[in-house]
Protein chains: 2
Amino acid sequence: MMNHLKNVDYTQICVCANLRKKTRVVTQLYDKLLHPTGLKVTQYSMLAHIDLQQAVSISRLGEILLLDQTTVTRNITLLKQNGYVELNRDAHDARTKNITLTEKGLEKLQEAAPIWQEIQDRIIDDVGIEKYADFYDTLRTMQKIIQSYDEE
Amino acid sequence: MMNHLKNVDYTQICVCANLRKKTRVVTQLYDKLLHPTGLKVTQYSMLAHIDLQQAVSISRLGEILLLDQTTVTRNITLLKQNGYVELNRDAHDARTKNITLTEKGLEKLQEAAPIWQEIQDRIIDDVGIEKYADFYDTLRTMQKIIQSYDEE
DNA sequence: CTACAAAACATGTATATACATGTTTTGTAG
DNA sequence: CTACAAAACATGTATATACATGTTTTGTAG
């Protein structure tokens with residue numbers, strides 16, 4: 001007897017819509033657990049990248065996160081309003097603005113990090129490290145494939 | 001010799017941020033190719049679900065797509081403004097509004113379908129059907145896992 | 001039947017996101 | 001050096017999304 005739930009042709013389920021749906025679920029979990037810190041996962045992730053990159057420019061951050069430059073500008077504006085980051089003109093190029101974490105931003109990042117780590121470990125553990133490794137790899141592959149389309 | 005690109009601990013890359021990033025890439029591809037139709041992939045997907053479900057209510061559609069009811073209301077409003085869907089009060093429950101495709105909405109869906117199918121087939125083929133099956137499965141598992149957290 | 005909780009939808013507000021376009025600063029062909 | 005294209009960032013506009021809350025309609029305990 002067929003399970004009617006599984007009796008769906010998964011190749012006919014939109015790759016994009018399905019990804020978006022699952023991403024919503026994951027995002028809501030992260031946002032819910034990060035809520036006590038006042039950060040959303042998007043903001044946490046951006047702070048973490050700024051911490052790693054040290055004085056990145058807006059467009060460079062966009063390249064890394066594959067975000068439109070204007071989106072970075074908008075997201076950074078919010079972090080700036082909250083006092084988590086600073087923007088400084090580059091010494092050698094007056095067009096460029098470098099983003100750095102403030103003391104407050106670093107503290108906020110450190111406050112949120114343990115919560116993030118807990119969700120992270122739990123999900124990967126529950127999915128299973130091997131399955132997750134494959135999953136991660138397929139996501140990477142998918143990105144590369146799509147980026148290769150643009151070169152046509 | 002290590003490949004410095006692969007020399008990153010993938011378990012320390014945020015599951016959520018990574019999913020969001022890849023989802024942006026995929027979404028941009030779909031939106032770009034669907035552009036001639038005037039639909040975004042979100043709208044296409046919603047029209048396709050309405051077509052499948054036949055006279056579905058706003059909250060039911062939210063359950064299916066795991067979207068907040070208010071988000072469905074907003075997205076449907078746009079489809080309605082474009083004349084692709086109609087809203088009708090339910091005959092048995094005056095609170096409920098049922099969504100149906102208009103003739104114009106069906107035509108638009110049929111116009112976009114071949115484009116969607118082409119992207120869909122191409123991505124799955126390029127990723128590889130077996131890898132994609134695993135990937136799809138892991139996405140499902142991840143959703144179930146997270147939904148099980150909410151029951152705690 | 002009545003009172004009240006719950007269900008279904010709408011509205012206010014805020015964040016995330018991208019595209020089109022504008023402004024300022026650099027870099028470089030000639 | 002000058003003119004102009006390109007780079008870097010900002011702004012206008014629109015869609016996608018969720019949470020808090022409000023309104024209307026149902027369902028049900030008593």
Side-chain angles (χ1 to χ4, degrees), chain A residues 16-17 19-35 38-47 55-63 65-82 84 87-99, chain B residues 16-17 19-35 38-47 55-63 65-82 84 87-99:
Chain A
C16 185
L19 260 175
R20 292 182 67 87
K21 180 173 172 178
K22 303 321 194 226
T23 299
R24 284 195 292 273
V25 175
V26 175
T27 299
Q28 278 170 47
L29 175 69
Y30 276 75
D31 280 352
K32 188 174 75 177
L33 298 184
L34 285 173
H35 191 260
L39 292 178
K40 310 198 112 195
V41 63
T42 313
Q43 299 166 355
Y44 173 79
S45 168
M46 204 156 286
L47 288 180
V56 276
S57 71
I58 290 182
S59 28
R60 178 69 190 124
L61 193 55
E63 284 171 20
L65 299 174
L66 297 178
L67 278 172
D68 193 276
Q69 166 262 308
T70 64
T71 302
V72 178
T73 297
R74 254 72 189 237
N75 292 359
I76 289 297
T77 298
L78 189 62
L79 294 177
K80 192 181 161 196
Q81 282 168 0
N82 288 320
Y84 299 147
L87 293 181
N88 298 294
R89 286 214 171 279
D90 188 277
H92 303 297
D93 187 340
R95 291 172 302 181
T96 302
K97 288 186 179 173
N98 292 313
I99 314 165
Chain B
C16 186
L19 260 174
R20 291 182 68 86
K21 181 173 172 178
K22 302 324 194 224
T23 299
R24 284 195 292 275
V25 175
V26 175
T27 298
Q28 279 171 46
L29 174 69
Y30 277 76
D31 280 353
K32 188 174 75 178
L33 298 184
L34 284 173
H35 191 259
L39 292 178
K40 311 199 111 198
V41 64
T42 314
Q43 298 165 356
Y44 173 80
S45 167
M46 203 155 288
L47 289 180
V56 66
S57 73
I58 290 181
S59 28
R60 178 69 189 124
L61 193 55
E63 284 170 20
L65 300 174
L66 296 178
L67 277 173
D68 193 276
Q69 166 261 309
T70 64
T71 301
V72 178
T73 298
R74 253 72 188 240
N75 292 358
I76 289 298
T77 299
L78 188 62
L79 294 177
K80 191 180 161 195
Q81 282 168 1
N82 287 322
Y84 299 148
L87 293 180
N88 298 296
R89 288 214 169 277
D90 187 278
H92 303 298
D93 186 339
R95 292 171 302 180
T96 300
K97 287 186 178 171
N98 292 314
I99 315 165

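Here is the naming used below: chain letters follow the sequence lines, and residue numbers restart at 1 for every chain. The shown structure was predicted, so the numbers you read here are calculated from the model rather than taken from an experiment.
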Check every atom of C:dT17, D:dT25, C:dA8 against the side chain of A:Thr42 and return the nucleotide holding the closest atom.
-> C:dT17

So, B:Gln43 side chain and B:Lys40 main chain: donor-acceptor pair closer than 3.5 Å or not?
-> yes

Compare side-chain N and O positions of B:Asn75 against OP1 and OP2 of D:dT15 and report whether any pair is under 4.0 Å apart.
-> no

Is a side-chain donor or acceptor of B:Arg24 paired with a backbone partner of A:Leu65 at a separation under 3.5 angstrom?
-> yes

Specify the separation, in whole Å, of atom CG of B:Asp31 and atom P of D:dA14.
-> 17 Å

Mark yes or no for whether B:Asn82, through its side chain, and B:Tyr84, through its backbone, hold a donor-acceptor pair below 3.5 Å.
-> no

Which one is paired to C:dA16, where only Watson-Crick or G-U wobble pairs with both distances under 3.5 angstrom count?
-> D:dT15

Taking atom types as they are modelled, is there a donor-acceptor pair under 3.5 Å from the base of C:dA7 to the side chain of B:Arg95?
-> yes

Donor-acceptor pair under 3.5 Å: do we get one between A:Gln28's side chain and the base of D:dA18?
-> no

Carefully, step by step, assess A:Thr96 and A:Arg60 under the rule side-chain contact (heavy atoms from CB on, under 4.5 Å).
-> CA-CA 10 Å; A:Thr96 302; A:Arg60 178 69 190 124; over 6 Å; no

For the pair made of CG in A:Asn88 and P in D:dA8, what is the distance, rounded to whole Å?
-> 18 Å

When we call it a touch if two heavy atoms are under 4.0 Å apart, what does B:Thr71 touch: a base, just sugar-phosphate, or nothing?
-> base

Does B:Gln43 make a side-chain N or O approach to OP1 or OP2 of D:dA16 shorter than 4.0 Å?
-> yes

Counting side-chain heavy atoms from CB outward, which of C:dT26, C:dG12, C:dC9 is closest to B:Gln69?
-> C:dC9

If you look at every strand shown and take non-hydrogen atoms under 4.0 Å, does A:Ser57 touch a base, only sugar-phosphate, or nothing?
-> sugar-phosphate

Between A:Asp93 and A:Leu78, name the one whose nearest nucleotide on DNA chain C is closer to the 5' end.
-> A:Leu78

Between A:Glu63 and A:Ser59, is any side-chain donor less than 3.5 angstrom from a side-chain acceptor?
-> no

Expressed in angstrom and rounded to an integer, what is the separation of B:Glu63 atom CD from C:dC9 atom C1'?
-> 14 Å

Base-pairing assignment for D:dT23 (Watson-Crick or G-U wobble, both under 3.5 Å) = C:dA8

For D:dT11, take OP1 and OP2 only and decide whether either is under 4.0 Å from a side-chain N or O of A:Thr73.
-> no

Check: B:Thr73 main-chain N/O paired with B:Thr77 side-chain donor or acceptor under 3.5 Å = yes

Nearest-Å distance, CZ (B:Arg20) to P (D:dA16)?
-> 15 Å

What's the closest nucleotide to the B:Ile58 side chain, out of D:dC19, D:dC9, C:dC9?
-> C:dC9

Ignoring backbone atoms, test whether B:Lys32 places a side-chain nitrogen or oxygen under 4.0 Å from the OP1 or OP2 oxygen of C:dA18.
-> no

Taken to the nearest whole Å, CG/A:Leu47 to P/C:dA16 is 11 Å

Under 4.0 Å between a side-chain N or O of B:Thr70 and OP1 or OP2 of D:dA18?
-> no

To the nearest angstrom, how far is A:Lys21 atom NZ from D:dT17 atom P?
-> 12 Å

For A:Arg24, report the nucleic acid contact type (base, sugar-phosphate, nothing); a contact means any heavy atom under 4.0 Å.
-> sugar-phosphate

Given atom CG of B:Leu39 and atom C1' of C:dC19, what is their separation to the nearest angstrom?
-> 17 Å

For B:Thr96 and C:dA8, is the shortest distance between a side-chain N/O and OP1 or OP2 below 4.0 Å?
-> no

Once you apply the 3.5 Å cut-off to both distances, tell me the Watson-Crick or G-U wobble partner of C:dA3, or none.
-> D:dT28

Give the intermediate values and the outcome of side-chain contact (heavy atoms from CB on, under 4.5 Å) for residues A:Arg74 and A:Leu78.
-> CA-CA 7 Å; A:Arg74 254 72 189 237; A:Leu78 189 62; over 6 Å; no

Whole-Å distance, B:Asp68 CG to D:dT21 P, equals 14 Å

Between D:dA14 and B:Lys40, is there an OP1 or OP2 to side-chain N/O distance shorter than 4.0 Å?
-> no

